Amino acid sequence: MTILGIDPGYATIGYGIVNKDGASLNAIDYGVIQTPKEESIPVRLAMLDDALTAIINKFKPDAVSVEELFFNTNITTGIKVAQARGVILLCAIKKCGRLYEYTPLQIKQALTGNGRAEKHQVQFMVKALLKLDTVPKPDDAADALAAAVCHASFGDYAHRILN
């Protein structure tokens, strides 16, 4: 099973491709999609859609795992991220068809056994579980890999958004 994990954003969107073969997990690719701050939000959203479509077309994931939003106090940023997340969800469901969402607490729980784990603990587990030499950088890519590993852990027990 190939899983695309996504850490939503509008300036920097993390993605990670994980292959699950039995109990074995391997990172296939990871990185970030970046949109230029000088562009308008609609143009940035179109750029995000194009980039995510290219990733899905290249890796043909069996499932897409997206981290749910965690709202902070900055409403303006939250709205922009929510708009980008809408594009991510739409693109994922149209191009892959199997979409799953996980809260930050669920992702932390799946990787560390502690839903209140700190970021560095999750990153350490991403590195260990995927047998990587170093912690993936930037953090958005590590978070996306964590979302993919979370889905690999929950598998068919996960709540599927749409079949």
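Treat the numbers as computed from the prediction; the structure is a model and nothing was measured.
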key: Within the 6.0 Å centroid threshold, strictly below: F154 and Y100   =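 They do not qualify: ring centres at least 6.0 Å apart.
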Is any side-chain heavy atom of [Y] closer than 4.5 Å to one of [X]?
X	Y	value
L52	L4	yes
Q34	I13	no
L89	E101	yes
V126	P136	yes
Y30	V18	no
R85	I6	no
I55	I17	yes

Under 4.5 Å between side-chain heavy atoms, hopping through other hydrophobics if needed: is there a path connecting [X] to [Y]?
X	Y	value
V87	I41	yes
L45	L99	yes
V81	Y15	yes
F59	I93	yes
V66	Y10	yes

message = Any side-chain to backbone donor/acceptor pair from K95 onto I56? Under 3.5 Å, distance only.
response =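 It does not hold such a pair.
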inquiry  = So does P36 get a backbone contact from the side chain of E39, meaning a donor-acceptor N/O pair under 3.5 Å?
reply    =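 Between the backbone of P36 and the side chain of E39 there is no qualifying donor-acceptor contact (under 3.5 Å).
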What's the spacing between [X] [atom1] and [Y] [atom2] if we round to 0.5 Å?
X	Y	atom1	atom2	result
I107	T112	CD1	OG1	11.5 Å
L25	L129	CG	CG	6.5 Å
L145	D140	CG	CG	11.5 Å
I33	M47	CD1	CE	10.5 Å
S153	Q109	OG	CD	10.5 Å
T134	K127	OG1	NZ	7.5 Å

Taking every non-hydrogen atom, the tightest pair across [X] and [Y]:
X	Y	result
G115	K108	O-CD, 3.4 Å
A146	V122	CB-CG1, 3.9 Å
A144	G16	CB-N, 3.5 Å
G9	A84	O-CB, 2.9 Å
V64	A92	CG1-CB, 3.8 Å

key: Exceeds 12 heavy-atom contacts within 6.0 angstrom, atom NZ of K94   =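 Open: at most 12 neighbouring heavy atoms sit under 6.0 Å from NZ of K94.
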inquiry  = I'd like to know whether CZ of F124 has more than 12 heavy-atom contacts from other residues, nucleotides or ligands below 6.0 angstrom.
reply    =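 For F124, atom CZ is not crowded (no more than 12 foreign heavy atoms under 6.0 Å).
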Sequence neighbours excluded, every pair satisfying side chain to side chain donor-acceptor pair (under 3.5 Å) that has a member inside residues 44-66 =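 Qualifying pairs, neighbours excluded: T35-R44.
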request  = Carefully, step by step, assess L111 and Q121 under the rule side chain to side chain contact (heavy atoms under 4.5 Å, CB included).
outcome  = CA-CA 9 Å; L111 271 80; Q121 293 171 303; over 6 Å; no
message = Checking L105 against R116 for the side chain to side chain contact (heavy atoms under 4.5 Å, CB included) test, could you report, in this order, the C-alpha distance in whole Å, the side-chain angles of both residues, the deciding distance, and whether it holds?
response = CA-CA 7 Å; L105 188 135; R116 304 283 181 217; 3.4 Å; yes
Sole residue of H151, E68, E67 in side chain to side chain donor-acceptor pair (under 3.5 Å) with Y102 =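 Result: among H151, E68, E67, H151 is the only option passing the side chain to side chain donor-acceptor pair (under 3.5 Å) with Y102.
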